Structures are given as C-alpha cells and as structure tokens.
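Before any comments, here is the structure.
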Amino acid sequence: MNNMNQMMKQVKKMQEQMLKAQEELVTKTVEGSSGGGVVTAEVNGHKKLLSITIKPEAVDPEDVEMLQDLVMTAVNDALTKADELANDDMGKFTGGMKIPGLF
C-alpha cells in the first residue's frame, strides 16, 4: 500500500510539473521568417501570433501575391518552431512519446 501512495505522489508531482511547463509555453516565443528575413512572424508556445514584421523592400504594389506568400510562409515557419518548442518542453515528461491532446 505504501508503494501505491508513493507512486500516486509521484504521478501528482509529474502532473503539476507538466501543467507548469504548459503554462510557461505562453511566455516563450519563437520567430519564423521568409524571403531572407524581409517578413518575420513571432508566435508564443501556445501558437498565438504575436507580431508580424514586414520590411519595406517586401512591399511591391504590383505583386501583392508575393507578399501574401511571404507572410504565410513566415507564419507557418513560426508555428512549426512553436510545435518543436512545445514538443521539446513537454517531451521531458513523456519520454518523447506523442500523446494526443497533451500538446
């Protein structure tokens, strides 16, 4: 019975650590870019877009589609990096296993 109590304490401690790590992801940021850095997007670990920066040389009124593609690529790059950040942070608790719905 004592082993079961000890195991439950360890599980509870791990759950608390996982929740704390998930909460901390909101304060961590990553940046994605495209076009050699003319468009950058910053997202946090919860995949919330925080900012987009577009350098003037990326703006061509004759080619709006290129700018749209650059923005989309930068945002997707940042979101991919946010996924990697979350996987790295949460992987400490899951031993690298991907648990659906956890992160």
Side-chain angles (χ1 to χ4, degrees):
M1 190 65 159
N2 195 19
N3 279 343
M4 182 62 89
N5 286 338
Q6 185 65 26
M7 187 172 73
M8 292 304 292
K9 286 180 185 179
Q10 288 176 337
V11 168
K12 183 176 175 155
K13 182 178 179 181
M14 187 175 85
Q15 286 175 326
E16 290 170 355
Q17 290 172 334
M18 288 174 67
L19 284 173
K20 183 179 179 190
Q22 284 179 319
E23 290 170 1
E24 288 175 352
L25 282 172
V26 78
T27 64
K28 295 181 178 183
T29 62
V30 292
E31 185 176 276
S33 66
S34 64
V38 295
V39 177
T40 59
E42 181 183 26
V43 299
N44 67 16
H46 284 184
K47 298 184 193 178
K48 181 177 179 183
L49 181 63
L50 302 175
S51 69
I52 291 183
T53 303
I54 302 171
K55 292 185 177 177
E57 58 266 28
V59 181
D60 179 357
E62 302 296 319
D63 194 0
V64 174
E65 287 180 5
M66 182 184 74
L67 179 57
Q68 291 169 336
D69 288 343
L70 289 169
V71 170
M72 185 172 54
T73 301
V75 170
N76 285 331
D77 184 40
L79 291 174
T80 297
K81 289 177 181 177
D83 278 339
E84 291 168 359
L85 175 69
N87 286 335
D88 288 347
D89 280 8
M90 300 309 293
K92 298 173 202 169
F93 303 104
T94 63
M97 291 185 309
K98 296 191 188 294
I99 300 173
L102 183 57
F103 49 90

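Only a predicted model underlies this, so the values are computations on that prediction, with no experimental measurement involved. Values below: every heavy atom of this structure, side chains too, minus hydrogens, waters and symmetry copies.
Between M7 and M4 there is a side-chain heavy-atom pair separated by less than 4.5 Å. You'll find the side chain of L19 stays beyond 4.5 Å of the side chain of Q15, heavy atoms only.
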Extract all donor-acceptor atom pairs below 3.5 Å that involve side chains of residues 24-39 and protein atoms in other chains or at least two apart in sequence.
residue	atom	partner	partner atom	Å
T27	OG1	E24	O	2.7
K28	NZ	D89	OD2	2.7
T29	OG1	E42	OE2	3.3
S34	OG	L70	O	2.6

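For E16, the CD atom counts as densely surrounded, since its 6.0 Å shell holds more than 12 non-hydrogen atoms of other residues, nucleotides or ligands.
Take K47 and apply the side-chain hydrogen bond (donor to acceptor under 3.5 Å, both in side chains) test, not counting sequence neighbours, and it matches D83.
A side-chain contact (heavy atoms from CB on, under 4.5 Å) with L67 is found for one member of D69, D63, V71 and no other, namely V71.
Note that CD of Q68 and CE of M66 are 11.0 Å apart. Values are rounded to the nearest 0.5 Å. Rounded to the nearest 0.5 Å, atoms CG (L85) and CG (N44) are 9.5 Å apart.
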